[in-house]
Q: 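I have a structure I would like to understand better, so I am pasting it below and will then ask my questions one at a time.
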Amino acid sequence: MEPEVANQGNEISPNNTIYINNLNEKVKIDQLKQSLHAVFKQFGTILEILAFKTLKHKGQAWLVFKDVASATAAVEKMQGFPFYDKPMRIQYAKTKSDIIAKADGTFVPRERRKRHEEKGKKRKDQHDANQAGMGLNPAYAGGAKSVIPEAPAPPNNILFVQNVPHDTTPMALQMFFSQFPGFKEVRMVEAKPGIAFVEYGDEMQATVAMQSLQSLKIGQQQLLITYAKK
DNA sequence: AGCACA
């Protein structure tokens, strides 16, 4: 007989939604969601990202892809990806997200959770504004080690490449980046392993290379490419 | 460690 029951053990079956834990709990929810989006959008359209700061849900997030194939790629390729100094742990979510159920017509409203919604709903707009500002502050958490840029640099002709395996040579990197028009040079800094700068003639050329190489893995590691700060 | 639907 074939195994009709897809899910006997601890394996969780494919789902549009990935469940991520071991996230750095010091990161503010808004910034966390933004950064997750930046890192996972390469796998396909993201419908929703949910994260909460309550005790039971800190350090975790649910990221809903439009397509299951995107979720599968994300689970495989981003497993252990260093994110705010901690390796992400990624699984498929155990259950279907509401947003998916609504789309496929299977949504049935669940019991309303306890009266969660009652406590002081003050004007906290000011706090939110402050929090947004903090997302731009590199001094946050006192470290420069995050693989996530605090604020995305505007498009320009130089790419900033992160999560490069430490034993990668400039020559090796050049192999990948020089196949795109306008390539000028790769620069690596001895004192700062794991990163590289790649320069192109102009912004469009840099953009083309970035989009093509964004999903490149070297060894086990998923490259992360953004524009360099100038 | 912790699987929700702010």
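Numbers restart at 1 for each chain; the letters A, B, ... are given by sequence-line order, proteins then strands. Please read all numbers here as calculations on a predicted model, not as lab measurements.
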Q: A:Trp62 CH2 to B:dC3 C1': how many Å, rounded?
A: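 A:Trp62 atom CH2 is separated from B:dC3 atom C1' by 5 Å.
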Q: Which of these nucleotides, B:dC3, B:dA4, B:dG2, is closest to any side-chain atom of A:His57?
A: B:dA4
Q: From CZ of A:Arg110 over to P of B:dA4, roughly how many Å is that when rounded to an integer?
A: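 One finds 8 Å between P of B:dA4 and CZ of A:Arg110, rounded.
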Q: Report the distance from atom CD1 of A:Ile90 to atom P of B:dG2, rounded to the nearest whole Å.
A: 18 Å
Q: Quickly work out the A:Lys56 NZ to B:dG2 P distance and round it to whole Å.
A: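 Answer to the nearest Å: 10 Å.
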Q: Can you tell me if A:Gln31 and A:Tyr84 form a side-chain donor-acceptor pair at under 3.5 Å?
A: yes
Q: Under 3.5 Å, is there any donor-acceptor pair linking the side chain of A:Glu48 to the base of B:dA6?
A: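 No pair found.
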Q: Rounded to whole angstrom units, what separation is found between the NZ atom of A:Lys53 and the P atom of B:dC3?
A: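 The distance from NZ of A:Lys53 to P of B:dC3 comes to 20 Å, rounded to the nearest Å.
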Q: Between A:Asn22 and A:Lys86, do the side chains contain an N or O donor and an N or O acceptor separated by less than 3.5 Å?
A: yes
Q: Can you measure A:Gln91 atom CD to B:dA4 atom P for me and round it to whole angstrom units?
A: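 Going from CD in A:Gln91 over to P in B:dA4 covers 13 Å.
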Q: Which pairs with one or both residues in residues 61-72 of chain A pass side-chain hydrogen bond (donor to acceptor under 3.5 Å, both in side chains), sequence neighbours excluded?
A: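 Listed once each, the pairs are A:Thr72-A:Tyr92.
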Q: Mind calculating the distance between CG (A:Leu23) and P (B:dA1) to the nearest angstrom?
A: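 In whole Å, B:dA1 P lies 14 Å from A:Leu23 CG.
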Q: Sorted by first residue and then second, give each side-chain hydrogen bond (donor to acceptor under 3.5 Å, both in side chains) pair with at least one member in residues 193-209 of chain A; sequence neighbours left out.
A: A:Arg187-A:Glu199, A:Thr207-A:Tyr227
Q: Please classify the nucleic acid contact of A:Tyr92 as base, sugar-phosphate, or nothing, using heavy-atom distances under 4.0 Å.
A: base
Q: Report yes or no: do A:Asn157 and A:Lys230 form a side-chain donor-acceptor pair below 3.5 Å?
A: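 On atom types as modelled, these side chains qualify, holding a pair under 3.5 Å.
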Q: Is it true that a side-chain atom of A:Asn15 and a backbone atom of A:Ala93 form a donor plus acceptor pair closer than 3.5 Å?
A: yes
Q: Could you check how far CD1 of A:Ile20 sits from P of B:dC3, rounded to whole Å?
A: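 Taking CD1 of A:Ile20 and P of B:dC3, I get 15 Å after rounding.
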Q: Please list, in numerical order, the residues of residues 96-104 of chain A that have a heavy atom closer than 4.0 Å to any atom of DNA chain B.
A: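 Hits under 4.0 Å, by residue number: A:Lys96, A:Ser97, A:Asp98.
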Q: Evaluate the criterion side chain to side chain contact (heavy atoms under 4.5 Å, CB included) for residue pair A:Phe160 and A:Ile225; output intermediate values, then yes/no.
A: CA-CA 6 Å; A:Phe160 179 47; A:Ile225 311 174; over 6 Å; no
Q: Take A:Asn21 and A:Phe52, find for each the nucleotide of DNA chain B with the closest heavy atom, and name the residue whose nucleotide sits nearer the 5' end.
A: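 Comparing both residues, the 5'-ward one is A:Asn21.
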